[in-house]
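Following: one structure in structure tokens, then a few remarks.
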Amino acid sequence: QVQLAESGGGLVQAGDSLRLSCAASGLTFSRYDMAWFRQGPGKEREFVAAISWSGRNTYYTDSGKGRFTISRDNAMHTVYLEMDNLRPEDTAVYYCAAERLGISGTSAQKNTRMYDYWGQGAQVTVSS
């Protein structure tokens with residue numbers, strides 16, 4: 001049974017940093033591209049960042065460039081999202097997702113339907 005478990009969410013102030021983790025089990029982690037999405041109140045789920053299976057290639061939404069860093073540790077079966085200089089508009093539930101076809105870096109990486117597995121989400125709240 002595949003499980004993706006996010007952790008590290010919480011309540012922070014604007015300008016603070018936060019690191020999310022997503023521990024994967026039940027799949028050959030190193031064969032999957034991984035991504036982070038988020039869903040704010042009353043909004044659709046949106047792409048945040050993606051990383052190729054090897055970790056060599058990373059991709060970000062415009063709002064995350066320069067502030068967010070995605071990374072992975074294949075030995076630990078974990079993907080991370082380091083978020084710096086957080087803003088109130090970053091408030092959302094953050095989800096990690098796994099994808100087997102290798103779509104990171106393509107337009108398809110933003111399509112939630114392309115992902116095979118999802119975590120339950122971690123709440124991030126940024127106060128002003």
Side-chain angles (χ1 to χ4, degrees):
Q1 181 181 358
V2 175
Q3 287 191 322
L4 301 178
E6 300 95 338
S7 61
L11 172 63
V12 298
Q13 292 187 331
D16 285 351
S17 297
L18 205 58
R19 188 196 200 197
L20 302 179
S21 300
C22 172
S25 60
L27 77 170
T28 307
F29 183 71
S30 60
R31 293 182 180 177
Y32 284 77
D33 287 0
M34 299 297 294
W36 287 94
F37 284 75
R38 68 185 182 185
Q39 189 165 12
K43 298 182 180 180
E44 293 187 354
R45 195 168 297 190
E46 64 175 358
F47 172 81
V48 175
I51 188 166
S52 61
W53 62 270
S54 66
R56 292 195 191 99
N57 303 107
T58 58
Y59 309 92
Y60 300 92
T61 188
D62 286 345
S63 64
K65 286 178 183 177
R67 298 191 302 127
F68 294 177
T69 304
I70 188 171
S71 61
R72 67 189 294 162
D73 184 335
N74 283 348
M76 296 297 292
H77 293 193
T78 302
V79 61
Y80 305 96
L81 184 68
E82 177 76 33
M83 301 183 290
D84 298 321
N85 192 22
L86 282 161
R87 306 166 180 167
E89 53 264 39
D90 295 319
T91 295
V93 178
Y94 284 71
Y95 299 89
C96 66
E99 187 281 314
R100 182 71 176 84
L101 295 178
I103 62 171
S104 63
T106 73
S107 58
Q109 70 182 358
K110 298 181 180 181
N111 186 344
T112 58
R113 292 174 293 178
M114 298 300 294
Y115 290 82
D116 302 298
Y117 304 106
W118 291 85
Q120 293 299 307
Q123 177 69 49
V124 172
T125 303
V126 184
S127 64
S128 57

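Only heavy atoms go into these numbers, but all of them, side chains included; no hydrogens, no water, no symmetry mates.
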Would you say that more than 12 heavy atoms from the other residues, nucleotides or ligands in this model lie under 6.0 Å from the CD of Q120, or not? no

By side chain to side chain contact (heavy atoms under 4.5 Å, CB included) - contacts of S71 (at least two apart): Y80

dist D84:CG -> T69:OG1 (nearest 0.5 Å) comes out at 6.5 Å

Indicate if I70 and M83 have the same hydrophobic cluster label, given that clusters are the connected sets of ILVMFWY residues with side-chain heavy-atom separations under 4.5 angstrom. yes

CD of E89 to OG of S63, rounded to nearest 0.5 Å, is 8.5 Å

Linking I/L/V/M/F/W/Y whenever their side-chain heavy atoms sit closer than 4.5 Å, directly or via other members, would M34 and V48 fall into one cluster? yes

Which pairs with one or both residues in residues 64-77 pass salt bridge (charged side-chain N to carboxylate O under 4.0 Å, His left out), sequence neighbours excluded? D62-K65, R67-D90

Can you find a pair of side-chain heavy atoms, one from Y115 and one from Q109, that are under 4.5 Å apart? yes

Please verify the inter-ring angle class for Y94 with F68; under 30° counts as parallel, over 60° as perpendicular, anything in between as tilted. perpendicular

Taking side chain as C-beta onward, heavy atoms only, is V79 less than 4.5 Å from W36? yes

Under 4.5 Å between side-chain heavy atoms, counting indirect links through other Ile/Leu/Val/Met/Phe/Trp/Tyr residues: same cluster for V124 and L4 or not? yes

Taking C-beta and beyond as the side chain, do T112 and F47 meet within less than 4.5 Å on heavy atoms? no

So, does D16 use its side chain to make a donor-acceptor pair with the main chain of Q13 at under 3.5 Å? yes

Residues Y32, W53; criterion side chain to side chain contact (heavy atoms under 4.5 Å, CB included); working and verdict: CA-CA 5 Å; Y32 284 77; W53 62 270; 6.0 Å; no

Determine whether R38 and T91 satisfy the following criterion, side chain to side chain contact (heavy atoms under 4.5 Å, CB included), listing intermediate values before the conclusion. CA-CA 9 Å; R38 68 185 182 185; T91 295; over 6 Å; no

Pairwise distance OG(S128) to CG(L86) - rounded to 0.5 angstrom: 13.0 Å

Ignoring hydrogens and geometry, is there a side-chain-to-backbone donor-acceptor pair from E6 to C22 under 3.5 Å? no

To the nearest 0.5 Å, what is the distance between CD (Q39) and CD (E46)? 9.5 Å

Is it true that I51 and L20 fall in one hydrophobic cluster, defined by side-chain heavy atoms closer than 4.5 Å? yes

Interatomic distance, CG@L27 vs CZ@R100, rounded to 0.5 Å, equals 9.5 Å

Side chains of E82 and S17: does their closest heavy-atom pair fall under 4.5 Å? yes

I'd like to know if the side chain of S30 and the backbone of N74 have a donor-acceptor N/O pair within less than 3.5 Å. no

W118-V93 co-clustered via ILVMFWY side chain contacts under 4.5 Å: yes

